[in-house]
Amino acid sequence: MKHLIAPSLLSADFRHLAKDMDMINKSEADWFHVDVMDGSFVPNISFGMFIIEFMKSVAQKPLDVHLMIVQPEKYLEAFRKAGADILTVHYEACTHLHRTIQQIKQTCAKAGVAINPHTPVDVLQDVITDLDMVLVMSVNPGFGGQSFIENTYNKIKKTKSLILSTGSNAIIEVDGGVGLNNIEKLVECGADVLVAGNAVFKSENPQDTILQLKTLNKKTYQV
Ligand code: DX5
Ligand code: ZN
């Protein structure tokens with residue numbers, strides 16, 4: 001599949017959120033990436049359902065909701081009701097991950113599981129065929145604008161092999177420090193969805209940056 005671009009609204013200007021979202025609506029971007037942080041799973045707090053409801057009223061593209069929260073199972077229905085199209089929970093935050101994945105599916109949202117940089121992808125072996133998406137974190141979650149962790153390339157390749165060897169239909173999303181400097185290599189390694197926060201919103205012309213992220217050069221990398 002052609003790779004998808006999901007600008008992360010965490011880096012948007014919240015004084016003009018609707019305006020920034022409208023720019024994404026008009027751009028070549030595919031999804032809105034929406035980061036929910038609880039101050040417990042990660043050392044930062046962002047926003048909850050109330051803001052997501054507002055985002056949903058402006059969005060003309062799917063809301064990809066990344067839950068960086070403990071006990072996400074308590075709030076899945078509420079986030080779905082608020083407008084989430086894809087619900088991703090963290091492996092590290094779920095004691096009964098299999099059950100949580102089934103709960104996401106019951107809401108009819110797409111089900112994703114995220115893994116932190118220290119978590120090996122093998123832990124998803126027994127649930128991979130139940131997943132619509134694996135989110136490979138390429139920074140430690142909690143903040144936008146961090147540096148990309150190089151080991152992510154290997155991790156994407158391992159995730160891709162796990163998907164192929166099990167016949168899973170899951171796609172691979174990469175989140176953190178993604179930009180024009182590394183996107184081609186990430187796609188070559190097997191990434192399907194690229195989240196970009198600062199790379200889009202802190203650039204001079206965000207809409208044009210999205211276009212560039214979407215339209216890769218033909219340059220090939222050793223992967
Ligand atoms: C980090 C979040 C990311 C973040 C990415 O915890 O999950 O989605 O917004 O921002 P950049 O692209 O600036 O690293
Ligand atoms: Zn995220």
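Counting starts at 1 for both ligands and their atoms, following the listed order.
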| query | For ligand 1, which atoms, with element, lie under 4.0 Å from some heavy atom of His66? | reply | 7 (O)
| query | Which ligand 1 atoms, with their elements, are less than 4.0 angstrom from a heavy-atom of Gly144? | reply | 10 (O), 13 (O)
| field | Side-chain (Gln146) to main-chain (Asn140) donor-acceptor, under 3.5 angstrom | value | yes
| field | atom 1 (C) of ligand 1: the protein heavy-atom neighbour that sits closest, reported with distance to 0.1 Å | value | Phe143 O, 3.4 Å
| remark: Between Phe54 and Ala18, the two heavy atoms sitting closest are CZ-CB, 4.1 Å
| message | Can you name the atoms of ligand 1, numbered from 1 with element, that are less than 4.0 Å from a heavy atom of Gly176? | response | 14 (O)
| query | Has the side chain of Asn154 got a donor or acceptor atom that lies under 3.5 Å from a matching backbone atom of Asn151? | reply | no
| said: With no hydrogens and no angle check, just 3.5 Å: does a side-chain donor-acceptor pair link Ser203 and Thr209? | reply: yes
| remark: His33 heavy atoms within 4.0 Å reach ligand 1 at atoms 8 (O)
| said: So, of the N/O/S atoms that Asp175 has, which is the nearest one to the Zn ion (ligand 2)? | reply: OD2
| said: For the 3.5 Å polar cut-off, considering only N or O atoms, please tell me whether Gly145 and ligand 1 meet it. | reply: yes
| message | Check the orientation of His66 and His33. Use parallel for under 30°, tilted for 30 to 60°, and perpendicular for over 60°. | response | tilted
| task | Could you find the nearest protein heavy atom to atom 5 (C) of ligand 1 and give me its residue, atom name and distance? | result | Asp175 OD1, 3.6 Å
| note | Counting from 1 in the order shown, the ligand 1 atoms closer than 4.0 Å to a non-hydrogen atom of Leu10 are 9 (O)
| request: Enumerate the atoms of ligand 1 whose separation from the nearest heavy atom of Ala196 is less than 4.0 angstrom. | output: 12 (O)
| query | Is the side chain of Lys155 donor-acceptor paired with the backbone N or O of Thr119 at a distance under 3.5 Å, no angle test? | reply | yes
| Over all atoms of both residues, closest heavy-atom pair of Asn182 and Gly177 | ND2-O, 3.0 Å
| query | Is there a donor-acceptor contact under 3.5 Å from the side chain of Lys158 to the main chain of Val121? | reply | no
| Ignoring hydrogens and geometry, is there a side-chain-to-backbone donor-acceptor pair from Lys105 to Asp130 under 3.5 Å? | yes
| request: Considering heavy atoms of the protein only, find what lies nearest to atom 12 (O) of ligand 1 and give residue, atom and distance to 0.1 Å. | output: Gly197 N, 2.8 Å
| task | Give the contacting part of Ser8 toward ligand 1: side chain, backbone, both or neither, where contact means a heavy-atom distance below 4.0 Å. | result | side chain
| request: List the closest protein heavy-atom neighbour of atom 6 (O) of ligand 1: residue, atom name, distance to the nearest 0.1 Å. | output: Gly142 N, 2.7 Å
| remark: Of all N, O or S atoms in His66, the one closest to the Zn ion (ligand 2) is ND1
| said: Can a donor-acceptor pair be found, under 3.5 Å and without considering hydrogens, that links the side chain of Asp64 to the backbone of Ile86? | reply: no
| message | Can you report which non-hydrogen protein atom sits closest to atom 4 (C) of ligand 1, along with the distance? | response | Asp35 OD2, 3.7 Å
| note | Output field for angle at the Zn ion (ligand 2), Asp35.OD1 vs His33.NE2, rounded to 10°, should show 90°
| task | Show which atoms of ligand 1 fall inside a sub-4.0 Å distance from at least one heavy-atom site of Met68. | result | 6 (O), 7 (O)
| task | May I ask you to identify the nearest protein heavy atom to atom 14 (O) of ligand 1, giving residue, atom name and distance to one decimal place in Å? | result | Gly177 N, 2.8 Å
| field | Under 3.5 Å donor-acceptor, Glu92 side chain and Asn116 backbone | value | yes
| query | Charged N to carboxylate O under 4.0 angstrom, Asp13 versus Lys19? | reply | no
| What atoms of ligand 1 come within less than 4.0 Å of a heavy atom belonging to Pro141? | 6 (O)
| query | Heavy-atom contacts under 4.0 Å between Asn198 and ligand 1: side chain, backbone, both, or neither? | reply | both
